[in-house]
Amino acid sequence: MDKEHRDPLSPQPLAKRIFVVRSNTDVSASKSISTSKRMRPSGGGAVAPFFAPPPAPHSRPTRIEQLRALLATFERHQDFGRGPATDSPEIAVCADWTLGAPEVDGWLPDRQLDVASLGEIKPETYNDASAALAFALLLAARRLGMGWTGGRPSSASSTGRPGLVVWCWPHRLARENGGLYGPGLVRLGLDPARLLLVETATPAETLWAMEESINSEAAAIVIGCLDAVPLTPARRLALATATHCTPALMVTAARSPPTAATFARWRIATAASAPHPFDPAAPGDPRFKLTLERCRGTAVGGVAPSSVVEWNYDAYRFRLAADVGDRASAAASRA
Amino acid sequence: MPADRPLALVMHSTHGLEIAAANEAARALGVRAGAGLADTRAALPELLTLPADRARERDDLARLARWCGRYGPTRNVDGEDGIWIDITGVAHLFAAQPDDDGEQALLADLSQRFSRLCLTVRAACADTLGAASALARFGTPPEGSFVIAPSGGTSHALAPLPVAALRIGADDVRLLERLGLRRIGQLYGLPRVALERRFRALSRREPSGAEAIATVLLRLDQALGQYSEPRAPLVEQSTFSARLPFSDPLLTAAGIEAALERLCSDLAGALAEAAVGGRRFRLTLYRSDGTLGEVAIGTSASCRDDAHIRRLLLEKIATFDAGFGIDLMTLETSEVTRLDAHQQALDADVAGTHARATARLVDRLSGRLGKGRVMRLLPRASHIPEAAQKRAPAISAAPAKLPAQSEEAAPTFEGRRPAFLLDPPEPIEVLAAIPEGAPALIVWRRVRRRIVRAEGPERLAPAWWAAYVPRAPEAGSGAARTRDYYLIEEAGGARYWVFRAGLYDKERDEEGDEGSDDLSAGVPRWFMHGLVP
C-alpha cells in the first residue's frame, strides 16, 4: 500500500513523517528548493513564467517570496506540537489569507491565517451551527480571493487562487443543515463551479476524503464538518496541511471537545445583523460574534480576544461592526 | 446425488411433464430428453427426477461464459447449452512450443478445467461459429474430448455431420431428410436453384417454404464462412487489455498488488503507444476454483497514468477475497479516446496541472465513496429555487465546461438566496401579525423562534409548464402553488429563508385570473427553505 492512503483511523508512524518535514530544514537551502517540487507552490498557485509581464502587486508573489514562505512554513512546523513557533513578522508569507478586518487580523501571528495548518470553527451553541458553517464558507471565499472586481465573483483563475473548495461532510449533517446552494454561494463570493461537494456515509470517510483532498494539488482549501474529530486523524490532517500548504478547516459541534493539533480555534455565535441601509425592519449584512479561543504563536492564558464582525457583501471581506455599542440607542431612536 | 443412478430433470410442457435433461446413467438406459415423464417412468420406474430450473441454468451458463474470459475476451452464451469463445489471436498464448498454434493446448486446458469443476464438456474449434457449434454438438471427438477443424478444412470436417447440426429447426430437418439429404456434405454439391424448387414443391401447403430453404442455405453459408455472422459478445469488447497468468495461484495481497502494478504498466504502455487514454477500466481476477471477481473503475477524464489506475484499483480490491488463489488477472479498458502526450513540469501550465489534479482527486474520492457522493453544483435556468441547481456526480460532469456554464447560465437573483437549502422544505408553524404579512413567530424543529426583522415578500409564481414538459427542471419539484418568500431574522440573529405556499382568498382576488391556476387551493402553508448567513 502506498504510504499516503491508509485508513485514517489506523495508528500511523507519525514520527517518520515529521522527520521528512524536519530533514528539509536541516539541509542547505539548495536542497530545500529541490524538495519544493513536492510541495504545491502556494502563492498564486503558480510561479510566474519567465517572459510574462511582471505580476501585479498583491496578486501573484514572486518566486523568491514563495520560497521564503515555504521556509517559514518549515520553520513554523519544525517543532510541531511542542510550543509556540518562532517566526518573525518580517517574513512575507506567500498567501495573504486574512479576514479583511485589520483589528481581527491583528489577533493572529503575522496578521493572517496560517495556510499550512488545520483550523477549527465551533459554534457557541447548537443554534449557532449555521453561523459556523457560514463562517467557514466566508473564510473559503477569502482564501480564493475572488470577486475583487465587484459585481459578481469571477471564476477565472487569473483573478484569484486556482483550485477547488472541497466541502466534506457526512450525509447526516447535510440533511440537518441543508445542502449547499449554488445561487446563495454566488452571493457570498464563492463560485459554485469551484466547489467539490463530498457527502459521505460515515465520519471516518469524511476524514479520509479531507486528507485525500489536502494531499491533492487540486484543492485550495478543504472544509470538513463533523461532530468531533479524534486525536489521530486530527494530527494526520494537520501534518498533511503542513506538508502540502493547503489549509483545512473543521467545523465541529458546540459541545464536543476541542480538536487537537489545530492552529486556531474560532468560536462563532450569531449576532443581530447590521442595520439595513434602506429598510429598518429588514435584516442587513450578517454579523458574527468571533472569539479566537486558541491560536498557536500567541500568548497562552490571557483573555481570548472577541469581537463582533460583519460580512461586507460588496467588498467580500469582514469588517468590525462599528455601531455595536449604540445599537440599543439606535433601536430606541428608530422606534 | 449418486452419479451412477439414473437421474433426469423434468419440466412442464404442453403435454405435461417432460424430461429436460438426463445424466449418463439414465441415457444409457434409454432416457431421452423431450420424452414424456409418464412414458419414461413406465419403462424405468427407478428413475430419479428433479425439477429443472431454466432461469438458474441460464444464470449459471452466463457465469460460466464470463469465466471463459480467460480464453478470449469475446465470448457469450450460445443457445441454451453452449458457450462460444472467439480465440482469434489468443490461442498462441497457450502454445508450449513456438511453432505450435496452441489450439490443442487451449482446448486441453479448457477441458481439464471444466472436468475439475465436475462439468462434462464437448469442445470444438473451427473457423466459423456455425462450424464450431456443429462440431461441438454433433462431432465425434477422435481422441480426448474435443474436435479441431483445421483452418480451411471446415467443409471437410462438416461433411459427415447430420443436417441437424446446422442450427435449423426440427421441421426443416425433417424436410431435408424427406429429400434424402441427411448429411451436411450432401448439400455442398447441390445446385441452389434446384434445391429451392424442390423445397417449395414439398412444402406447398405452407407459405414458409421459401423462408425455410433460405434459413437452411443461410446457416450453411454461415457455417462454411461464406456469409458473415454477427456475434454479440457478453461484455463490451475492449481494444486494449493486458493479461498476466500465474503458474502458482496468488494468495497474498502483496502478490496481487505486485501483479496489478505490472498489469497497469503494461496497459499504460499499450495506451501510450497508441496515444489514447481510457475512461473505464476493468480488472478481472480469475480464482483457481473457477469463480472470478471483477473490479471496475471509472475516471473523470481520459487517463493512461499507470500509478493513478493502480491506486484506484487497489482501493477496490482491498477487500477482495482471493479464495484458493488467483491464477489469472486481466485488465481491460474501454471508452478509449485520443489522448496526446502532454508536457510535464512546465511552471506556466497552471490550469492544466490543476485540471489534472482535480480529475485525480475526483476519481479517487468517487472510486472509494461512490459516484453519487462526490458532486458538483451545476446551475439550471429556473426561478424555482430548488430547481435552479442540480447536483451532478463530479466524475461525469465535464470539468472543462463548468466555469463557462456557470458564467452564462447562473441566474442572477436580486433577492437573497440561502447558502444552505433544505430540500425538501420543512413545514413550520407561523404566527403572523396579519395573514398576508411576514411571520412574527415560527416553530421550526419544535423550537419557538421570535422573529424581529423580516424582508419580503418575494413572490415566485408556480411553474405552470412543469405539468406539460416532463424534462423541465421544475418537473416533480411540487412547486404548484404560488410562493411568497421572506428573509426573516430571529431575536438571536439567526436568519432563515421561509415561504408561504398558496395565497389567501383576498390575495387571490387581487391576483385575478391567477387564482384559478393555483392548483391546490386551501389554507396556505408555511415552509422553512434555507439558512441564510
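Being a predicted model, the structure only gives us computed values, none of them experimental. Each chain gets a letter, A, B and so on, in the order the sequences are listed, and its residues count up from 1.
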Under 4.5 Å from a heavy atom of chain A, the part of B:L531 involved: side chain
Top contributor to chain B interface from A:V166, A:L164, A:L188 [non-hydrogen pairs under 4.5 Å]: A:L164
Residue among B:P418, B:S366, B:G372, B:G370 with most heavy-atom pairs under 4.5 Å to chain A: B:P418
Closest-packed option against chain A by number of heavy-atom pairs under 4.5 Å, given B:E490, B:H529, B:R445: B:R445
Test item: B:R376 side-chain N/O and A:L196 main-chain N/O as donor-acceptor pair under 3.5 Å: no
Best-contacting candidate, A:E176, A:R175, A:K289, against chain B by heavy atom pairs under 4.5 angstrom: A:E176
Closest non-hydrogen atom pair between B:L422 and A:N177, with its separation: CD2-C, 4.2 Å
Over all atoms of both residues, closest heavy-atom pair of B:R417 and A:R187: N-CD, 4.4 Å
Part of B:L369 within contact of chain A (heavy atom distance under 4.5 Å): side chain
N/O donor-acceptor pair under 3.5 Å between A:Y181 side chain and B:P385 backbone: yes
Polar side-chain atom of A:E217 near backbone of B:A357 as donor-acceptor pair, under 3.5 Å: no
Top contributor to chain B contacts, counting heavy-atom pairs under 4.5 Å, from A:G179, A:G163, A:A131, A:A209: A:G179
B:E429, CD: over 12 other non-hydrogen atoms inside 6.0 angstrom: no
Closest non-hydrogen atom pair, B:R495 against A:P286: NH2-CB, 3.1 Å
Close side-chain approach of A:E199 to B:M375, heavy-atom, < 4.5 Å: yes
Portion of A:H171 that has a non-hydrogen atom of chain B nearer than 4.5 angstrom: side chain
Contacting region of A:F135 [heavy-atom separation from chain B under 4.5 Å]: neither
Interchain contact, A:L180 with chain B, by part (heavy-atom threshold 4.5 Å): both
Residue among A:L138, A:D279, A:T270, A:D285 with most heavy-atom pairs under 4.5 Å to chain B: A:T270
Non-hydrogen atoms of A:A282 and B:E455 that approach each other most closely: CB-OE1, 3.7 Å
Shortest non-hydrogen separation from B:F420 to A:L133 and the atoms involved: CZ-CB, 3.5 Å
Interchain contact, A:W311 with chain B, by part (heavy-atom threshold 4.5 Å): neither
Check: B:R368 side chain, A:W208 main-chain N or O, donor-acceptor pair, under 3.5 Å: no
Segment of A:A271 engaging chain B (4.5 angstrom heavy-atom cut-off): backbone
Heavy-atom proximity to chain B below 4.5 Å, by part of A:L137: side chain
B:E489 side chain to A:S273 backbone, donor-acceptor under 3.5 Å: yes
Top of A:G178, A:P283, A:S130 for chain B proximity - count of heavy-atom pairs under 4.5 angstrom: A:P283
Close side-chain approach of A:N127 and B:R449, heavy atoms under 4.5 Å: yes
Top contributor to chain B interface from A:S213, A:A269, A:A174, A:C168 [non-hydrogen pairs under 4.5 Å]: A:S213
